[in-house]
Amino acid sequence: MKEKLEDIANAMVTSGQGILAADESTGTIQKRFASINVENTEENRRDYREMLFRSEKAMNDCISGVILFEETLYQKAADGTPLVDVIRAAGAVPGIKVDKGAKPLAGFVGETVTEGLDGLRERLADYYEAGARFAKWRAVINISENAPSVCAIKANAQALARYAALCQEAGIVPIVEPEVQMDGGAVHDIGLCEIATRRALSATFEELNDAGVKLEGMVLKPNMVIAATDCPHQASVEEVAERTVRVLKDVVPTAVPGIAFLSGGQSDEAATAHLSAMNAVGDLPWRLTYSYGRALQAAALSAWKGKAENIAAASRAFTHRAKMNSLATRGGWDSRQEQAA
Ligand code: 13P
């Protein structure tokens, strides 16, 4: 018998733990590897990700689930153990990125709609067989003078809802990720992000309800409400926390068990500080945790540099970051712990 969607979703947002997003496509991992001068081969991708999944302390204590790219779902560790089994042995749930990427939205310059619905039912059945119990689909919402348009918000929300319904039919928990990107330039301040985030999330929940998606069996993965990286007016940690929680309380039904943020290009420490400040607010109807890619991996990547002799150091860097974020899920992080650890 298949596990209940609610049980999987609850395990993904269990207290003190969060999700490792290690689902970089071959093109995206190329960029990450280029930054440390490592060749983008299948073996290097395997070695790097195996290092993450075999970081026992981080995986056992701080990681509830791992999002994989399709290649990794079927890949074996150097000793022949399927990587999915390495993840399961650490008590984490394997998941899979199923979208086919954000493609230009016809008629709307600079905006995108995420594709990948064709054939998704069949792919989900295969991924379930291979051990995936949750999936991820990322919609990208851009801020500019004319964006986000109503069309971009609606098209992406509808695709997210169709994807989520197909996942639940297959016994797979959907991570629903409408990401308002933090790169709208100098004019993109925290206020614009709040408006766009509120619009994107409202439209998404309307479509999820219309599609009959069971909210108890999903996890939301939103951006935080934050100014663009190159906006001169950066908000304080407290303001980011306050505005993000306000939007979420207004828009996200309490039936959703958990919200796992993306890091979106924030520094490691900023992503941790913001999450901790939100959890310190207390009295929240859902669990607030992390589903970070870059903010969990940046330090590990630069410690690794593609060399076998650096595996232990890379693993320590990943474990440290995972621990800091675990503290943040309880509102218990402060910058002194960065040094103490
Ligand atoms: P970042 O935390 O690097 O934004 O990645 C998370 C993710 O899965 C984006 O889809």
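Throughout, residue positions are numbered sequentially from 1 according to the sequence presented. We count ligands from 1, going down the list as the structure has it; atoms in each ligand are counted the same way.
A side-chain N or O of Asn325 and one of Thr272 form a donor-acceptor pair less than 3.5 Å apart. Donor-acceptor pairing under 3.5 Å is lacking for the side chains of Ser144 and Asn146. Between Asp183 and Thr229, the side chains place no donor N or O within less than 3.5 Å of an acceptor N or O (distance only, hydrogens not considered).
The closest approach between any non-hydrogen atom of Lys136 and ligand 1 is below 4.0 Å.
In terms of protein heavy atoms, atom 5 (O) of ligand 1 is closest to Gly293 N, 3.5 Å. Nearest to atom 1 (P) of ligand 1 among the protein's heavy atoms is Ser263 OG, 3.3 Å.
Contact annotation for Arg294 and ligand 1: heavy atoms of both the backbone and the side chain come within less than 4.0 Å of the ligand. When non-hydrogen atoms are compared, ligand 1 lies under 4.0 Å from the backbone of Ser291 (N, CA, C, O) but not from its side chain. If you look at Ala21 next to ligand 1, the close heavy atoms, those under 4.0 Å, all belong to the side chain.
Ring orientation note: the planes of Tyr48 and Phe33 are nearly perpendicular, at an angle over 60° on the 30°/60° scale.
Going from atom CD of Glu238 over to atom NE2 of His274 covers 8.5 Å, rounded to the nearest 0.5 Å.
Between Gly264 and ligand 1, an N or O atom pair is found at a separation short of 3.5 Å. Residue Ile67 has no N or O atom closer than 3.5 Å to an N or O atom of ligand 1.
Counted within 6.0 Å of CD on Glu269, heavy atoms from surrounding residues, nucleotides or ligands total more than 12; the atom is thus considered enclosed.
Each of the following atoms of ligand 1 lies closer than 4.0 Å to a heavy atom of Tyr292: 2 (O).
With atom 8 (O) of ligand 1 as the reference point, the heavy atom nearest to it among Lys97, Lys221, Glu177 is part of Lys221.
For the pair Lys323 and Phe318, the cation does not sit on the ring face, since its NZ or CZ is not both under 6.0 Å from the ring centre and inside 45° of the axis.
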